[in-house]
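Any value given below was found using the heavy atoms of this structure, including those in side chains, with hydrogens, waters and symmetry copies removed.
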Amino acid sequence: MNDERLARFEAVYNQAYGRITAYAARRCDSPQDAADVVAETFAVAWRRVDELPAGAEATLWLYGVARKVLANHHRGDNRRRARMVELDAELADLYGDSLDSGIERAAIGQAFRTLSDDDRELLSLVAWEGLDREEIATALGLSRNAVRIRLHRARKRFSRALAEADVHFTSDSRFVPAERPL
Amino acid sequence: MKNIDEIDAVKSLARVAPGAQGGDPTGAGARALLAVITSEEPAAPVRTRGYAARRRALGLAASFALAAGVVVGPSLLEDGPGVPGSYAVTRTADGMVTIQVRDFHDALGLEKRLKELNVPAIVDHLPYGQVCRGPRGKHVEDIPQGLYSLPENIPGEKEGWQMQINTRLFRPGQTFVWTISSTPGGHGSSTSTYLMEGPVAPCEPVPAPKPKVYTPEFRTATVEGRSLEGMRVDEKTVGEVLPELRRRGKKVVFLIMAIPPGNPGGFGEERTQEEPVGDDWSVWEAEENAKGVIRLLVTEERYDRNPVYGGPRDAVISE
(Lines give C-alpha, C1' and ligand atoms only; values in the text may rest on other atoms or scores of the structure.)
Protein backbone atom coordinates (compact mmCIF):
# COMPACT_ATOMS: atom_id res chain seq x y z
CA MET A 1 0.00 0.00 0.00
CA ASN A 2 2.72 2.45 1.00
CA ASP A 3 4.79 1.44 -1.96
CA GLU A 4 1.83 2.08 -4.20
CA ARG A 5 1.31 5.49 -2.62
CA LEU A 6 4.97 6.30 -2.87
CA ALA A 7 5.10 5.30 -6.53
CA ARG A 8 2.03 7.36 -7.29
CA PHE A 9 3.36 10.37 -5.41
CA GLU A 10 6.75 10.11 -7.04
CA ALA A 11 5.19 9.96 -10.48
CA VAL A 12 3.22 13.12 -9.77
CA TYR A 13 6.27 14.74 -8.21
CA ASN A 14 8.42 14.07 -11.25
CA GLN A 15 5.71 15.24 -13.57
CA ALA A 16 4.90 18.43 -11.68
CA TYR A 17 8.21 19.46 -10.15
CA GLY A 18 9.31 21.63 -13.09
CA ARG A 19 6.00 23.42 -13.21
CA ILE A 20 5.63 23.96 -9.48
CA THR A 21 9.17 25.30 -9.13
CA ALA A 22 8.50 27.65 -12.03
CA TYR A 23 5.22 28.68 -10.43
CA ALA A 24 6.92 29.48 -7.14
CA ALA A 25 9.88 31.26 -8.75
CA ARG A 26 7.58 33.49 -10.78
CA ARG A 27 5.79 34.61 -7.65
CA CYS A 28 8.46 34.85 -4.98
CA ASP A 29 10.99 37.62 -4.69
CA SER A 30 13.73 35.36 -3.37
CA PRO A 31 14.82 31.81 -4.17
CA GLN A 32 14.57 30.98 -0.47
CA ASP A 33 10.91 31.90 -0.45
CA ALA A 34 10.36 29.94 -3.63
CA ALA A 35 12.09 26.91 -2.13
CA ASP A 36 9.87 27.15 0.94
CA VAL A 37 6.76 27.27 -1.21
CA VAL A 38 7.88 24.30 -3.29
CA ALA A 39 8.75 22.26 -0.19
CA GLU A 40 5.51 23.05 1.58
CA THR A 41 3.41 22.41 -1.48
CA PHE A 42 4.80 18.93 -1.99
CA ALA A 43 4.71 18.22 1.74
CA VAL A 44 1.00 19.00 1.73
CA ALA A 45 0.55 16.83 -1.35
CA TRP A 46 2.26 13.90 0.36
CA ARG A 47 0.15 14.27 3.46
CA ARG A 48 -2.91 14.25 1.25
CA VAL A 49 -1.62 11.66 -1.19
CA ASP A 50 -4.91 9.81 -0.99
CA GLU A 51 -6.67 12.79 -2.49
CA LEU A 52 -4.10 13.40 -5.16
CA PRO A 53 -5.84 13.30 -8.55
CA ALA A 54 -4.36 11.22 -11.30
CA GLY A 55 -2.82 12.45 -14.52
CA ALA A 56 -2.72 16.02 -15.69
CA GLU A 57 -5.21 17.08 -13.06
CA ALA A 58 -2.60 16.47 -10.37
CA THR A 59 -0.58 19.46 -11.53
CA LEU A 60 -3.67 21.66 -11.45
CA TRP A 61 -4.43 20.43 -7.96
CA LEU A 62 -0.86 21.25 -6.91
CA TYR A 63 -1.20 24.76 -8.33
CA GLY A 64 -4.17 25.16 -6.03
CA VAL A 65 -2.20 23.95 -3.03
CA ALA A 66 0.77 26.14 -3.97
CA ARG A 67 -1.50 29.14 -4.17
CA LYS A 68 -2.65 28.53 -0.59
CA VAL A 69 0.86 27.89 0.61
CA LEU A 70 2.01 31.10 -1.02
CA ALA A 71 -0.75 33.12 0.58
CA ASN A 72 0.10 31.65 3.94
CA HIS A 73 3.78 32.24 3.37
CA HIS A 74 3.27 35.90 2.66
CA ARG A 75 1.24 36.29 5.79
CA GLY A 76 3.58 34.55 8.17
CA ASP A 77 6.41 36.76 9.27
CA ASN A 78 7.55 34.79 12.25
CA ARG A 79 7.39 31.41 10.69
CA ARG A 80 10.15 29.02 11.36
CA ARG A 81 12.43 29.10 8.40
CA ALA A 82 13.92 25.88 7.30
CA ARG A 83 16.63 25.76 4.75
CA MET A 84 17.21 22.99 2.30
CA VAL A 85 20.45 23.96 0.75
CA GLU A 86 20.32 22.03 -2.50
CA LEU A 87 16.81 23.16 -3.16
CA ASP A 88 17.77 26.77 -2.48
CA ALA A 89 20.60 26.46 -4.94
CA GLU A 90 18.39 25.01 -7.63
CA LEU A 91 15.82 27.69 -7.18
CA ALA A 92 18.53 30.33 -7.11
CA ASP A 93 19.50 29.19 -10.61
CA LEU A 94 16.12 30.33 -11.80
CA TYR A 95 16.88 33.80 -10.51
CA GLY A 96 20.26 33.92 -12.21
CA ASP A 97 19.26 35.53 -15.45
CA SER A 98 18.25 38.99 -14.55
CA LEU A 99 15.11 39.94 -16.31
CA ASP A 100 15.15 42.66 -18.83
CA SER A 101 14.81 45.53 -16.45
CA GLY A 102 13.87 47.98 -19.13
CA ILE A 103 11.71 50.94 -18.43
CA GLU A 104 8.68 49.39 -20.12
CA ARG A 105 8.85 46.29 -17.99
CA ALA A 106 9.12 48.39 -14.87
CA ALA A 107 6.03 50.29 -15.87
CA ILE A 108 4.09 47.11 -16.59
CA GLY A 109 5.27 45.60 -13.32
CA GLN A 110 4.16 48.64 -11.43
CA ALA A 111 0.73 48.51 -13.02
CA PHE A 112 0.51 44.79 -12.31
CA ARG A 113 1.30 45.29 -8.66
CA THR A 114 -1.60 47.67 -8.24
CA LEU A 115 -3.97 44.75 -8.85
CA SER A 116 -5.40 42.59 -6.13
CA ASP A 117 -3.82 39.25 -5.32
CA ASP A 118 -6.70 37.40 -6.93
CA ASP A 119 -6.53 39.42 -10.13
CA ARG A 120 -2.80 38.91 -10.39
CA GLU A 121 -3.12 35.20 -9.82
CA LEU A 122 -5.76 34.76 -12.51
CA LEU A 123 -3.79 36.72 -15.08
CA SER A 124 -0.60 34.90 -14.12
CA LEU A 125 -2.14 31.47 -14.43
CA VAL A 126 -3.13 32.36 -17.98
CA ALA A 127 0.02 34.18 -18.99
CA TRP A 128 2.71 32.27 -17.12
CA GLU A 129 1.35 28.79 -16.57
CA GLY A 130 -0.63 28.84 -19.81
CA LEU A 131 -3.77 27.42 -18.21
CA ASP A 132 -7.14 27.68 -19.87
CA ARG A 133 -10.30 28.62 -18.02
CA GLU A 134 -11.31 25.11 -17.25
CA GLU A 135 -7.89 24.28 -15.85
CA ILE A 136 -7.96 27.42 -13.72
CA ALA A 137 -11.39 26.45 -12.45
CA THR A 138 -10.00 23.08 -11.40
CA ALA A 139 -6.90 24.58 -9.80
CA LEU A 140 -8.75 27.23 -7.84
CA GLY A 141 -11.89 25.28 -7.05
CA LEU A 142 -14.10 27.74 -8.90
CA SER A 143 -16.77 27.22 -11.50
CA ARG A 144 -15.80 27.87 -15.09
CA ASN A 145 -18.27 30.66 -15.23
CA ALA A 146 -16.78 32.35 -12.19
CA VAL A 147 -13.34 32.09 -13.77
CA ARG A 148 -14.61 33.59 -17.00
CA ILE A 149 -16.19 36.55 -15.25
CA ARG A 150 -13.31 37.17 -12.86
CA LEU A 151 -10.74 36.90 -15.60
CA HIS A 152 -12.65 39.36 -17.72
CA ARG A 153 -12.76 41.83 -14.86
CA ALA A 154 -9.11 41.30 -14.01
CA ARG A 155 -8.13 42.03 -17.59
CA LYS A 156 -10.19 45.18 -17.59
CA ARG A 157 -8.68 46.38 -14.36
CA PHE A 158 -5.17 45.63 -15.59
CA SER A 159 -5.90 47.37 -18.85
CA ARG A 160 -6.95 50.45 -16.92
CA ALA A 161 -3.84 50.28 -14.75
CA LEU A 162 -1.67 50.01 -17.85
CA ALA A 163 -3.40 52.98 -19.38
CA GLU A 164 -2.82 54.98 -16.22
CA ALA A 165 0.83 54.01 -16.32
CA ASP A 166 0.89 55.19 -19.93
CA VAL A 167 1.93 51.85 -21.29
CA HIS A 168 0.92 51.61 -24.90
CA PHE A 169 0.76 48.69 -27.20
CA THR A 170 2.61 48.88 -30.47
CA SER A 171 2.17 46.89 -33.59
CA ASP A 172 5.18 44.69 -33.06
CA SER A 173 3.87 43.54 -29.70
CA ARG A 174 6.33 45.41 -27.62
CA PHE A 175 5.30 47.56 -24.78
CA VAL A 176 6.73 50.97 -24.44
CA PRO A 177 5.92 53.76 -22.09
CA ALA A 178 4.38 56.64 -23.93
CA GLU A 179 7.25 58.98 -23.27
CA ARG A 180 9.78 56.68 -24.88
CA PRO A 181 10.00 56.84 -28.68
CA LEU A 182 10.19 53.57 -30.53
CA MET B 1 -5.93 51.60 -25.72
CA LYS B 2 -8.11 48.76 -26.81
CA ASN B 3 -5.32 46.95 -28.55
CA ILE B 4 -3.31 46.35 -25.40
CA ASP B 5 -3.14 42.67 -24.75
CA GLU B 6 -3.02 42.40 -20.99
CA ILE B 7 -1.95 38.79 -21.12
CA ASP B 8 1.12 39.61 -23.21
CA ALA B 9 1.94 42.36 -20.78
CA VAL B 10 1.84 39.91 -17.89
CA LYS B 11 3.99 37.48 -19.86
CA SER B 12 6.73 40.05 -20.07
CA LEU B 13 6.98 39.95 -16.27
CA ALA B 14 7.63 36.24 -15.90
CA ARG B 15 10.86 35.35 -14.12
CA VAL B 16 10.68 31.87 -15.56
CA ALA B 17 9.58 32.12 -19.18
CA PRO B 18 5.89 31.36 -19.72
CA GLY B 19 5.36 27.68 -20.25
CA ALA B 20 8.95 26.85 -19.31
CA GLN B 21 9.81 24.42 -16.54
CA GLY B 22 11.63 25.52 -13.43
CA GLY B 23 13.72 22.97 -11.59
CA ASP B 24 14.74 19.54 -12.78
CA PRO B 25 13.03 16.71 -10.89
CA THR B 26 16.17 14.60 -11.18
CA GLY B 27 18.37 17.28 -9.60
CA ALA B 28 19.92 16.97 -6.15
CA GLY B 29 17.53 19.45 -4.58
CA ALA B 30 14.49 17.75 -6.02
CA ARG B 31 15.64 14.31 -4.87
CA ALA B 32 16.53 15.59 -1.41
CA LEU B 33 13.15 17.21 -1.02
CA LEU B 34 11.36 14.09 -2.15
CA ALA B 35 13.34 12.02 0.34
CA VAL B 36 12.55 14.34 3.23
CA ILE B 37 8.88 14.55 2.42
CA THR B 38 8.31 10.85 1.95
CA SER B 39 10.36 9.86 4.99
CA GLU B 40 7.22 10.50 7.02
CA GLU B 41 4.03 8.56 6.76
CA PRO B 42 1.35 10.49 4.92
CA ALA B 43 -1.83 11.28 6.77
CA ALA B 44 -4.18 8.38 7.24
CA PRO B 45 -6.48 8.08 4.26
CA VAL B 46 -9.48 10.25 4.76
CA ARG B 47 -11.61 8.08 2.54
CA THR B 48 -11.36 4.52 3.61
CA ARG B 49 -12.57 1.24 2.31
CA GLY B 50 -13.03 1.21 -1.40
CA TYR B 51 -12.63 4.89 -1.83
CA ALA B 52 -9.15 4.51 -3.12
CA ALA B 53 -10.34 4.81 -6.67
CA ARG B 54 -12.15 7.96 -5.83
CA ARG B 55 -9.90 10.77 -6.76
CA ARG B 56 -11.33 14.13 -6.23
CA ALA B 57 -10.18 17.56 -7.02
CA LEU B 58 -10.73 18.43 -3.42
CA GLY B 59 -9.91 21.99 -4.08
CA LEU B 60 -8.09 24.24 -1.85
CA ALA B 61 -9.04 23.78 1.71
CA ALA B 62 -5.47 22.79 2.27
CA SER B 63 -4.42 22.37 5.82
CA PHE B 64 -0.73 22.57 6.06
CA ALA B 65 1.77 22.60 8.79
CA LEU B 66 5.04 24.34 8.37
CA ALA B 67 7.48 22.60 6.11
CA ALA B 68 8.64 20.00 8.47
CA GLY B 69 12.16 19.89 9.62
CA VAL B 70 14.12 20.32 6.56
CA VAL B 71 17.26 19.59 5.02
CA VAL B 72 19.10 16.53 4.06
CA GLY B 73 22.49 15.82 2.92
CA PRO B 74 22.99 12.77 0.79
CA SER B 75 21.91 9.66 2.57
CA LEU B 76 24.42 8.64 5.13
CA LEU B 77 25.16 5.19 6.31
CA GLU B 78 26.16 4.98 9.90
CA ASP B 79 28.80 2.78 11.32
CA GLY B 80 28.39 3.04 15.04
CA PRO B 81 28.52 5.84 17.53
CA GLY B 82 31.48 8.08 17.88
CA VAL B 83 33.92 6.13 15.81
CA PRO B 84 37.26 7.84 15.31
CA GLY B 85 37.37 9.86 12.15
CA SER B 86 33.65 10.21 12.13
CA TYR B 87 34.12 13.76 10.99
CA ALA B 88 36.88 15.98 9.70
CA VAL B 89 36.94 19.72 9.71
CA THR B 90 39.62 21.73 7.97
CA ARG B 91 40.12 25.41 7.45
CA THR B 92 42.09 27.20 4.78
CA ALA B 93 43.78 30.57 5.14
CA ASP B 94 41.01 32.34 3.28
CA GLY B 95 38.48 31.35 5.90
CA MET B 96 36.93 28.47 3.97
CA VAL B 97 36.00 25.62 6.29
CA THR B 98 35.38 22.16 4.86
CA ILE B 99 33.38 19.76 6.97
CA GLN B 100 33.27 16.07 6.21
CA VAL B 101 30.87 14.03 8.25
CA ARG B 102 30.78 10.26 8.21
CA ASP B 103 28.87 9.67 11.40
CA PHE B 104 26.49 11.98 13.06
CA HIS B 105 26.38 10.58 16.56
CA ASP B 106 29.32 12.56 17.84
CA ALA B 107 27.48 15.84 17.64
CA LEU B 108 29.33 17.39 20.56
CA GLY B 109 32.74 16.56 19.14
CA LEU B 110 31.80 18.08 15.83
CA GLU B 111 30.49 21.18 17.51
CA LYS B 112 33.66 21.58 19.53
CA ARG B 113 35.86 21.15 16.48
CA LEU B 114 33.83 23.71 14.55
CA LYS B 115 34.17 26.22 17.35
CA GLU B 116 37.94 25.67 17.41
CA LEU B 117 37.98 26.68 13.78
CA ASN B 118 35.94 29.76 14.42
CA VAL B 119 32.67 28.43 13.07
CA PRO B 120 30.00 29.36 15.60
CA ALA B 121 27.90 26.23 15.50
CA ILE B 122 25.52 24.23 17.63
CA VAL B 123 25.07 20.60 16.68
CA ASP B 124 22.43 18.33 18.19
CA HIS B 125 21.77 14.71 17.48
CA LEU B 126 18.19 13.61 17.88
CA PRO B 127 16.47 10.25 17.62
CA TYR B 128 14.19 9.87 14.67
CA GLY B 129 10.76 11.34 15.25
CA GLN B 130 11.97 14.05 17.58
CA VAL B 131 12.61 17.68 16.97
CA CYS B 132 13.98 20.48 19.10
CA ARG B 133 11.27 22.56 20.67
CA GLY B 134 11.11 25.79 18.73
CA PRO B 135 11.76 28.53 18.30
CA ARG B 136 15.26 28.28 19.69
CA GLY B 137 16.26 31.72 18.48
CA LYS B 138 15.85 34.25 15.78
CA HIS B 139 16.33 32.97 12.24
CA VAL B 140 18.50 34.98 9.92
CA GLU B 141 16.30 35.94 7.01
CA ASP B 142 18.98 37.31 4.78
CA ILE B 143 21.52 34.57 4.25
CA PRO B 144 24.55 35.84 2.35
CA GLN B 145 25.23 34.25 -1.00
CA GLY B 146 28.05 31.73 -0.72
CA LEU B 147 27.92 31.34 3.05
CA TYR B 148 27.67 27.61 2.70
CA SER B 149 27.86 25.12 -0.12
CA LEU B 150 25.65 22.21 -0.97
CA PRO B 151 26.35 19.03 0.91
CA GLU B 152 28.04 16.75 -1.55
CA ASN B 153 29.68 13.37 -1.57
CA ILE B 154 33.11 13.03 -0.08
CA PRO B 155 35.33 12.38 -3.07
CA GLY B 156 36.18 8.71 -3.35
CA GLU B 157 33.81 7.63 -0.58
CA LYS B 158 30.38 6.17 -0.71
CA GLU B 159 29.19 7.35 2.65
CA GLY B 160 28.97 10.63 4.41
CA TRP B 161 28.95 14.08 2.99
CA GLN B 162 30.92 17.24 3.01
CA MET B 163 30.07 20.85 2.80
CA GLN B 164 31.92 24.12 2.89
CA ILE B 165 31.31 27.20 4.92
CA ASN B 166 32.82 30.57 4.20
CA THR B 167 33.49 31.85 7.70
CA ARG B 168 34.26 35.31 6.42
CA LEU B 169 30.62 35.79 5.55
CA PHE B 170 29.46 35.23 9.10
CA ARG B 171 28.22 38.29 10.82
CA PRO B 172 28.82 38.85 14.53
CA GLY B 173 26.33 37.00 16.69
CA GLN B 174 25.29 34.48 14.04
CA THR B 175 25.29 30.76 14.73
CA PHE B 176 24.93 27.74 12.52
CA VAL B 177 22.36 25.45 14.12
CA TRP B 178 22.40 21.86 12.98
CA THR B 179 20.02 19.19 14.02
CA ILE B 180 20.82 15.72 12.91
CA SER B 181 18.64 12.71 13.18
CA SER B 182 18.80 9.15 12.05
CA THR B 183 16.11 7.68 9.90
CA PRO B 184 14.45 4.45 11.06
CA GLY B 185 16.65 1.42 10.77
CA GLY B 186 19.75 3.58 11.04
CA HIS B 187 20.27 3.55 7.31
CA GLY B 188 20.56 7.23 6.85
CA SER B 189 20.45 10.58 8.47
CA SER B 190 18.99 13.89 7.76
CA THR B 191 20.31 17.24 8.73
CA SER B 192 18.56 20.48 9.19
CA THR B 193 20.54 23.64 8.94
CA TYR B 194 19.45 26.96 10.31
CA LEU B 195 21.33 30.18 10.54
CA MET B 196 20.35 32.06 13.66
CA GLU B 197 21.37 35.32 15.23
CA GLY B 198 21.54 36.21 18.90
CA PRO B 199 21.16 33.67 21.69
CA VAL B 200 20.13 30.14 20.73
CA ALA B 201 18.28 28.07 23.30
CA PRO B 202 19.50 24.54 24.01
CA CYS B 203 17.72 21.77 22.17
CA GLU B 204 14.81 20.43 24.14
CA PRO B 205 13.75 17.26 22.32
CA VAL B 206 10.03 16.93 21.79
CA PRO B 207 8.12 14.52 19.58
CA ALA B 208 7.85 15.77 16.03
CA PRO B 209 4.40 17.22 15.46
CA LYS B 210 2.03 14.87 13.74
CA PRO B 211 0.78 16.30 10.49
CA LYS B 212 -2.75 17.51 10.73
CA VAL B 213 -5.26 15.25 9.13
CA TYR B 214 -7.28 17.04 6.56
CA THR B 215 -10.99 16.61 7.13
CA PRO B 216 -13.15 17.37 4.17
CA GLU B 217 -16.13 19.56 4.75
CA PHE B 218 -18.49 17.00 3.29
CA ARG B 219 -18.60 13.32 4.11
CA THR B 220 -20.81 10.49 3.04
CA ALA B 221 -24.26 10.89 4.60
CA THR B 222 -25.88 7.56 3.84
CA VAL B 223 -23.72 5.31 5.98
CA GLU B 224 -24.16 4.16 9.54
CA GLY B 225 -24.32 6.90 12.10
CA ARG B 226 -24.85 9.71 9.63
CA SER B 227 -27.84 11.87 8.89
CA LEU B 228 -29.17 9.79 5.98
CA GLU B 229 -28.34 6.38 7.41
CA GLY B 230 -30.30 3.70 5.61
CA MET B 231 -31.41 5.89 2.75
CA ARG B 232 -30.23 4.92 -0.70
CA VAL B 233 -29.77 7.62 -3.29
CA ASP B 234 -27.20 6.02 -5.56
CA GLU B 235 -28.23 5.37 -9.14
CA LYS B 236 -31.53 7.18 -8.62
CA THR B 237 -32.59 10.36 -10.33
CA VAL B 238 -32.69 13.77 -8.71
CA GLY B 239 -36.47 13.71 -9.13
CA GLU B 240 -36.66 10.50 -7.12
CA VAL B 241 -34.41 11.65 -4.31
CA LEU B 242 -35.34 15.27 -3.71
CA PRO B 243 -38.91 14.82 -2.38
CA GLU B 244 -37.71 12.61 0.46
CA LEU B 245 -34.91 15.01 1.37
CA ARG B 246 -37.36 17.92 1.33
CA ARG B 247 -39.76 15.95 3.48
CA ARG B 248 -36.94 15.57 5.99
CA GLY B 249 -36.37 19.32 5.87
CA LYS B 250 -32.89 19.06 4.42
CA LYS B 251 -31.14 21.89 2.65
CA VAL B 252 -29.71 20.40 -0.54
CA VAL B 253 -26.84 21.53 -2.76
CA PHE B 254 -25.49 19.81 -5.84
CA LEU B 255 -21.99 18.76 -6.67
CA ILE B 256 -21.69 18.55 -10.44
CA MET B 257 -19.24 15.74 -11.02
CA ALA B 258 -16.67 15.73 -13.81
CA ILE B 259 -16.25 12.20 -15.06
CA PRO B 260 -13.00 11.26 -16.80
CA PRO B 261 -13.31 9.66 -20.23
CA GLY B 262 -14.39 6.05 -20.03
CA ASN B 263 -15.68 6.47 -16.46
CA PRO B 264 -12.81 4.49 -14.92
CA GLY B 265 -14.04 5.17 -11.38
CA GLY B 266 -13.34 8.45 -9.70
CA PHE B 267 -14.41 11.95 -10.50
CA GLY B 268 -13.50 15.60 -10.33
CA GLU B 269 -15.61 18.36 -8.90
CA GLU B 270 -16.84 20.68 -11.57
CA ARG B 271 -18.68 22.87 -9.09
CA THR B 272 -21.05 22.84 -6.17
CA GLN B 273 -24.19 24.86 -6.62
CA GLU B 274 -27.42 25.62 -4.83
CA GLU B 275 -29.38 26.06 -8.03
CA PRO B 276 -31.44 22.97 -8.75
CA VAL B 277 -30.43 20.65 -11.56
CA GLY B 278 -32.83 18.73 -13.78
CA ASP B 279 -35.03 16.03 -12.23
CA ASP B 280 -33.64 13.56 -14.73
CA TRP B 281 -30.03 14.01 -13.57
CA SER B 282 -28.43 11.02 -11.91
CA VAL B 283 -27.49 10.88 -8.24
CA TRP B 284 -24.49 8.78 -7.23
CA GLU B 285 -24.13 9.53 -3.54
CA ALA B 286 -25.23 11.99 -0.86
CA GLU B 287 -22.88 13.79 1.51
CA GLU B 288 -23.44 15.91 4.58
CA ASN B 289 -21.49 18.68 6.26
CA ALA B 290 -21.38 19.78 9.88
CA LYS B 291 -24.37 22.06 9.39
CA GLY B 292 -26.52 19.22 8.10
CA VAL B 293 -26.52 20.43 4.52
CA ILE B 294 -26.88 17.56 2.08
CA ARG B 295 -24.77 17.61 -1.04
CA LEU B 296 -25.86 15.34 -3.84
CA LEU B 297 -23.16 14.07 -6.16
CA VAL B 298 -24.78 14.31 -9.58
CA THR B 299 -24.16 14.02 -13.29
CA GLU B 300 -26.33 15.09 -16.16
CA GLU B 301 -25.48 11.98 -18.09
CA ARG B 302 -26.39 8.54 -16.86
CA TYR B 303 -23.50 6.11 -16.51
CA ASP B 304 -23.62 2.35 -16.46
CA ARG B 305 -21.64 2.27 -13.25
CA ASN B 306 -21.39 4.49 -10.24
CA PRO B 307 -18.38 6.81 -10.68
CA VAL B 308 -18.10 7.34 -6.94
CA TYR B 309 -17.38 3.71 -6.28
CA GLY B 310 -16.18 2.56 -9.67
CA GLY B 311 -19.07 0.09 -9.67
CA PRO B 312 -22.07 -0.68 -7.53
CA ARG B 313 -22.09 0.94 -4.10
CA ASP B 314 -22.87 -2.44 -2.55
CA ALA B 315 -19.54 -3.78 -3.73
CA VAL B 316 -17.83 -1.19 -1.57
CA ILE B 317 -20.11 -0.46 1.34
CA SER B 318 -21.85 -3.31 3.09
CA GLU B 319 -24.60 -2.36 5.44
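In this structure, R26(A) contributes its side chain and R15(B) its backbone to no donor-acceptor pair below 3.5 Å. Checking side-chain atoms of W128(A) against main-chain N and O of V10(B) turns up a donor-acceptor pair under 3.5 Å. Formation of a donor-acceptor pair under 3.5 Å by the Y17(A) side chain with backbone atoms of T26(B) is not found in this model. Listed for the R19(A) side chain is no donor-acceptor partner under 3.5 Å among the backbone atoms of G19(B).
Between W46(A) and L34(B) the shortest side-chain heavy-atom distance does not fall below 4.5 Å. In this structure, L151(A) and E6(B) have side chains that are not in contact, with every pair of non-hydrogen atoms separated by 4.5 Å or more.
F176(B) is linked by a ring pair (Phe, Tyr, Trp, His ring centres under 6.0 Å) to Y148(B), F170(B), W178(B), counting only residues two or more places apart in sequence or in another chain.
Closest non-hydrogen pair, A127(A) versus I7(B), comes out as CB-O, 3.6 Å. In this structure, A20(B) and A22(A) approach most closely via the heavy-atom pair O-CB, 3.7 Å. The nearest pair of heavy atoms linking A9(B) to L162(A) is CB-CD1, 4.0 Å. Taking each heavy atom of G23(B) and L94(A) in turn, the nearest pair found is N-CD1, 4.2 Å.
If you take CD on Q110(A) and CG on L13(B), they are separated by 11.5 Å, rounding to the nearest 0.5 Å.
The choice from Y13(A), Y23(A), F9(A) that makes the most heavy-atom pairs within less than 4.5 Å of chain B is Y13(A).
With a threshold of 4.5 angstrom between heavy atoms, F112(A) approaches chain B through side-chain atoms but not through N, CA, C or O.
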